[in-house]
Amino acid sequence: MRLVQFRRRGEGASIRVGVEQGEGHSVVDLKAFDPSMPSTMRELLELGDKGLECAQRALASGKCVVDRADIQLLSPVTGPEKVVCVGMNYRDHCLEQNAPIPKEPIIFNKFPSAITGPYDDIILPSESQEVDWEVELAFVIGRRGKHIKEEDALSYVAGFTVANDVSARDWQMKRNGKQWLLGKTFDSFCPLGPALVTTDTVTDPHNLSIRCLVNGDTVQDSNTDQIIFKTAALVAWVSKFVTLIPGDVFLTGTPPGVGAFRKPPIFLKKGDVVECQIEQLGSIINKVV
């Protein structure tokens with residue numbers, strides 16, 4: 001299934017959860033189908049199998065369908081407790097920097113306030129002159145767990161989506177003691193979407209083509225088979241330190257081709273359009289303003 005969050009146009013700020021009838025197609029409104037269902041993805045995931053089974057019934061019914069033109073698509077998850085990010089997690093990205101392959105996952109984070117929708121604007125902050133793109137495979141936790149065994153870890157994952165780990169390189173690499181957080185977490189620095197594609201719908205999350213285009217030109221082009229620490233390993237590793245809960249978002253790293261390592265470096269400017277694509281998951285398109 002392709003689960004989404006959306007707003008009906010003209011109905012204010014209320015969030016709805018829906019199921020896409022296909023990538024880019026109309027959406028079944030879950031709460032209209034069953035008023036007992038919650039209004040946010042995080043609450044739906046907290047219901048466990050009950051919520052997903054209702055979504056499957058709603059999709060099969062063909063009822064309560066909302067035309068795509070009548071909705072604004074939001075990030076598939078809003079207000080997660082945690083946004084966990086992984087640095088240096090593609091072999092070809094390490095080679096791009098002449099950097100060693102990490103022995104352990106390199107974990108940092110964004111604040112949840114950085115999350116924005118799949119077609120919302122990326123806001124250039126006046127504090128940075130070096131804003132860069134990073135297409136990433138993201139996944140979302142579906143149930144609570146701590147000290148999760150790697151062999152059990154995939155059962156804690158609800159699904160996968162596309163992310164752009166927008167990064168202010170000057171703040172990441174030169175300022176704030178070279179601690180990454182501030183450079184990664186400006187408002188709008190985590191476009192996410194377009195849908196949460198459930199794990200049963202993705203054939204192999206670690207064999208998907210992954211690309212980023214800026215103004216229509218391909219700048220990143222790789223495959224998720226280059227990921228060093230894969231989904232199960234990341235769930236097991238991070239759950240040693242913190243309890244994972246439904247709705248937590250993981251960004252799994254980026255392939256080569258980011259602007260900072262080009263010769264000369266290239267950074268985003270007002271008017272640029274960034275498109276991040278992952279096979280089977282879809283694409284997010286964000287204008288820089």
Side-chain angles (χ1 to χ4, degrees), residues 1-9 15-33 37 40-41 44-45 51-78 115-121 133 135-140 142 157-165 190-214 216 218 220-225 231 247 249-252 255 273-287:
M1 287 186 296
R2 299 180 60 86
L3 301 171
V4 296
Q5 284 193 143
F6 67 96
R7 290 192 182 102
R8 289 178 181 250
R9 298 193 187 279
I15 296 176
R16 314 282 282 194
V17 180
V19 191
E20 280 189 319
Q21 293 185 310
E23 185 180 338
H25 293 183
S26 297
V27 170
V28 177
D29 185 334
L30 194 54
K31 197 168 183 68
F33 175 79
M37 285 293 105
T40 70
M41 187 74 72
L44 180 73
L45 296 176
L52 296 179
E53 286 165 3
C54 182
Q56 288 172 332
R57 290 197 306 274
L59 180 62
S61 76
K63 298 177 182 178
C64 305
V65 177
V66 185
D67 190 85
R68 191 66 173 232
D70 295 332
I71 66 172
Q72 175 196 0
L73 210 60
L74 308 175
S75 164
V77 179
T78 43
I115 290 178
T116 193
Y119 310 120
D120 292 343
D121 293 337
W133 57 83
V135 61
E136 306 210 5
L137 173 71
F139 64 85
V140 178
V157 176
F160 296 87
T161 191
V162 183
N164 185 353
D165 177 16
C190 190
L192 203 64
L196 178 62
V197 184
T198 54
T199 52
D200 59 323
T201 309
V202 182
T203 51
D204 180 358
H206 302 112
N207 187 19
L208 301 172
S209 62
I210 179 169
R211 301 172 74 217
C212 178
L213 295 82
V214 177
T218 300
Q220 292 180 278
D221 190 358
S222 187
N223 191 288
T224 59
D225 65 4
T231 300
V249 177
F250 278 64
L251 275 60
T252 63
V273 176
V274 185
E275 180 171 3
C276 296
Q277 307 172 342
I278 301 181
E279 182 184 3
Q280 297 183 27
L281 305 183
S283 65
I284 58 177
I285 303 171
N286 306 94
K287 186 176 181 179

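Computation of the quantities below employed the complete heavy-atom set of this structure, encompassing side-chain atoms and omitting hydrogens, waters and symmetry-equivalent molecules. Each residue takes its place number in the sequence, starting with 1.
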Enter the distance from [X]:[atom1] to [Y]:[atom2] here, rounded to the nearest 0.5 Å.
| X | Y | atom1 | atom2 | value |
| --- | --- | --- | --- | --- |
| K63 | D29 | NZ | CG | 14.5 Å |
| S26 | D67 | OG | CG | 4.5 Å |
| E136 | T161 | CD | OG1 | 12.5 Å |
| I210 | T252 | CD1 | OG1 | 6.5 Å |

Evaluate the side-chain proximity of [Y] to [X]: yes if any heavy-atom separation is below 4.5 Å, no if none is.
| X | Y | answer |
| --- | --- | --- |
| L137 | L281 | yes |
| R16 | V4 | no |
| M41 | L196 | yes |
| V157 | V140 | no |
| V197 | Q280 | no |
| Q72 | D120 | yes |
| K31 | V17 | no |
| Q220 | C276 | no |

- Item | R57 vs F33, side chain to side chain contact (heavy atoms under 4.5 Å, CB included): CA-CA, chis, key distance, verdict | CA-CA 9 Å; R57 290 197 306 274; F33 175 79; 4.2 Å; yes
- Using the side chain to side chain contact (heavy atoms under 4.5 Å, CB included) rule, take K287 and Y119 through it: C-alpha gap first, then chi angles, then the decisive distance, then the call. CA-CA 8 Å; K287 186 176 181 179; Y119 310 120; over 6 Å; no
On a heavy-atom basis, which atom in [X] and which in [Y] lie closest, and how many Å separate them?
| X | Y | answer |
| --- | --- | --- |
| P118 | P194 | CB-CA, 3.8 Å |
| P76 | G193 | CD-CA, 3.5 Å |
| C54 | M37 | SG-CG, 3.5 Å |
| L192 | A138 | CD1-CB, 4.1 Å |
| S209 | N223 | N-ND2, 3.7 Å |
| A195 | E20 | CB-OE1, 3.8 Å |

- Of all residues at least two apart in sequence or in a different chain, which pass the side-chain contact (heavy atoms from CB on, under 4.5 Å) check with H206? D204, I227, K230, T231
- Any donor-acceptor pair under 3.5 Å from T224 side chain to N207 backbone: yes
- Task: For the pair N164 (side chain) and C190 (backbone), establish whether a donor and an acceptor sit closer than 3.5 Å, ignoring hydrogens and angles.
- Result: no
- Message: Please evaluate residues L3 and T198 with respect to the criterion side chain to side chain contact (heavy atoms under 4.5 Å, CB included), reporting the C-alpha separation (whole Å), side-chain torsions for both, the decisive distance (0.1 Å), and the verdict.
- Response: CA-CA 8 Å; L3 301 171; T198 54; 4.0 Å; yes
- Message: The test is side chain to side chain contact (heavy atoms under 4.5 Å, CB included); show your working for I71 and R9 and say whether it passes.
- Response: CA-CA 5 Å; I71 66 172; R9 298 193 187 279; 5.6 Å; no
- Verify side-chain hydrogen bond (donor to acceptor under 3.5 Å, both in side chains) between S75 and Q5, making sure each step is shown before the conclusion. CA-CA 6 Å; S75 164; Q5 284 193 143; 5.5 Å; no
- Which of these passes side chain to side chain contact (heavy atoms under 4.5 Å, CB included) with E275: N286, I285, T218? I285
- Item | Lys/Arg N to Asp/Glu carboxylate O, E279 vs R211, below 4.0 Å | no
